[in-house]
Amino acid sequence: MTIIGTPKESAAGENRVAMTPQSVGELQKLGFDCIIQAGAGKAARFADADYKEAGATVVKTAADLWKKADVVAKVRPPTTAESKKMRKDQTVISFVYPAENQKLLDTAKETGSTVIAMDMVPRISRAQKMDALSSTANIAGYRAVIEAGNAFGRFFTGQVTAAGKVPPAKVLVIGAGVAGLAAIGAAQSLGAIVRAFDVRPEVAEQIESMGAEFMMLDFEESGSGEGGYAAPSSPEFREKQLELFREQAPDVDIVITTALIPGRDAPRLWLEDMVKAMKPGSVIVDLAAERGGNCDLTVKDEKIETANGVTIIGYTDLASRMATQASSLYATNIRHMMADLTPEKDGKIVHDMEDDVICGATVTHKKKITFPPPPPKIQAIAKAPPKAPEPTKEEIAAKEAEEMRRAGVREVSMLAIGGLLMMIIGLYAPASFMQHMIVFALACFVGFQVIWNVSHALHTPLMAITNAISGIIIVGALLQVGSGSWLIVVLAAISVLIATINIVGGFMVTRRMLSMFQKS
């Protein structure tokens, strides 16, 4: 049976692990035997006993694991020492960053190992479950807000207390990819005033749907690139960006920068003069620190404080600082990759290079370097289609006038048809029937029109229908209250009472429903 194993990460400060007790059970269902090095999950709070209980075998050393495992799943790229342990027909799955690790690719080619880079999974819909970069970015964006809050020293949310009024923190997120949206969501949930900027105009709706303000740049250039990433900006566009950021610098309390294009150095977006313009106590969290940083003053893997009291955080291990959650998500990505590699769920790996996902993520196979991969047959996330031009005021007015004309024609036609029907019925029906028929028709028209036209912001569409019916009942009953028969008067009064209770109750229920979506 095929054995999949996970060694303890040797990189300093790396707390994540590529296999969790939960993923062990899922991998076994795919036909694999699971082994793990002793202590591999300790930093992520997964004990060896948990792995044994899940059905995995715990081995003492990394050398034993590399020797026994047919598939090795890791987080960080194999080190030089680990790459020497790779053997022919062994599959290694990890983050690889192949453009920066040519030596690793050469070693894998010589040994005949197959290396799958989780950071190279193509961005197509079918591969989202294996998108380890998005999983990591999601955690990093959330953790960035936590780190910022820890360094900020004040509330995120505004408060009014007996001791005084506390204003809400103002947070600016630059870049609305996975990490940026996670940061927006976390900051918004903590009660901050959140603003966000992105060169891709199509993300504006996502930003606004999360309750943040999209910083619109008045410049005719789309920053949308291939695969859902941002494209490099023109010098003119960059100057407009910097102008916007300089305006925001004195006002915002926290800046979280996430702008990074894979395979490129991070663009400098928050310059030294902007840092100097910020208030003392402000915080900058630079998620692009690993590739040079978006801020001029970022120091990789360090937290520094500038002369004017601004804290700049350049940690590159934000996901590792939430090792339990990060390991669980990454292990799920690995498990989905293994599911694609074993279509029969029999533990036998079928490395289909015709498959877009497998081919795109594979960097070495059968003593060949397959990086860079060919473009996927299925189109990745594409640029947003250009928006239709906004209609002019004259066009809007003409459209509204046409709609009103058509509505008027419909109403007149319905009244004419209704009047004709009443005349035909009146020729043959008795006078008493016609009296009641006219009352019923008026009740339907007046009651329905009065209630139905109430804004749905005050009651739901379902309540609108029930209230409209109740309105019909009330109008009809009021017309019957003046009847000479005491029985009809009593029944009409009861009808008015019950229908009124229904309408009032409908508005009360709607009010409670709407309050569920309002901040307290």
Side-chain angles (χ1 to χ4, degrees), residues 160 188-189 191 205 208-211 390-520:
V160 178
Q188 183 72 20
S189 66
E205 290 184 4
E208 291 169 352
S209 69
M210 298 182 74
E390 294 290 334
T392 62
K393 292 182 179 180
E394 292 76 11
E395 290 173 338
I396 294 173
K399 185 177 180 181
E400 290 177 350
E402 178 63 18
E403 289 177 354
M404 291 178 64
R405 187 189 67 79
R406 291 179 179 177
V409 170
R410 283 197 299 269
E411 290 184 4
V412 171
S413 300
M414 291 178 66
L415 287 173
I417 294 171
L420 181 61
L421 288 173
M422 293 294 288
M423 289 178 62
I424 294 172
I425 294 171
L427 293 174
Y428 302 98
S432 59
F433 174 81
M434 284 303 300
Q435 181 181 357
H436 292 294
M437 187 66 184
I438 292 171
V439 169
F440 177 71
L442 288 173
C444 287
F445 180 78
V446 176
F448 189 85
Q449 289 295 323
V450 168
I451 302 296
W452 181 260
N453 286 329
V454 174
S455 171
H456 287 173
L458 301 178
H459 61 177
T460 64
L462 178 60
M463 291 297 178
I465 296 172
T466 58
N467 286 355
I469 295 172
S470 298
I472 294 170
I473 295 171
I474 288 176
V475 173
L478 287 174
L479 293 172
Q480 295 294 343
V481 166
S483 173
S485 171
W486 66 270
L487 179 61
I488 293 176
V489 172
V490 171
L491 291 175
I494 294 172
S495 298
V496 171
L497 176 63
I498 294 175
T500 303
I501 291 172
N502 185 57
I503 291 175
V504 174
F507 279 101
M508 291 179 67
V509 169
T510 303
R511 182 183 180 86
R512 290 186 179 183
M513 290 174 64
L514 293 174
S515 67
M516 294 170 61
F517 301 95
Q518 295 174 347
K519 286 188 176 181
S520 57

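Excluded from the calculations below are hydrogen atoms, water molecules and symmetry mates; all remaining heavy atoms, backbone and side chain alike, are included.
A salt bridge between R405 and E402 is present, with a side-chain N of the basic residue lying under 4.0 Å from a carboxylate O of the acidic one.
In this structure, A477 and S495 approach most closely via the heavy-atom pair CB-CB, 3.9 Å. Scanning both residues, Q188 and M210, for their nearest heavy atoms gives CG-O, 3.3 Å.
Counting only heavy atoms from C-beta outward, the side chains of I473 and V496 never approach each other to under 4.5 Å.
Considering only residues two or more places apart in sequence or on other chains, I494 meets the side chain to side chain contact (heavy atoms under 4.5 Å, CB included) condition with V490, I498. The side-chain hydrogen bond (donor to acceptor under 3.5 Å, both in side chains) test applied to R410 returns no partner, not counting sequence neighbours.
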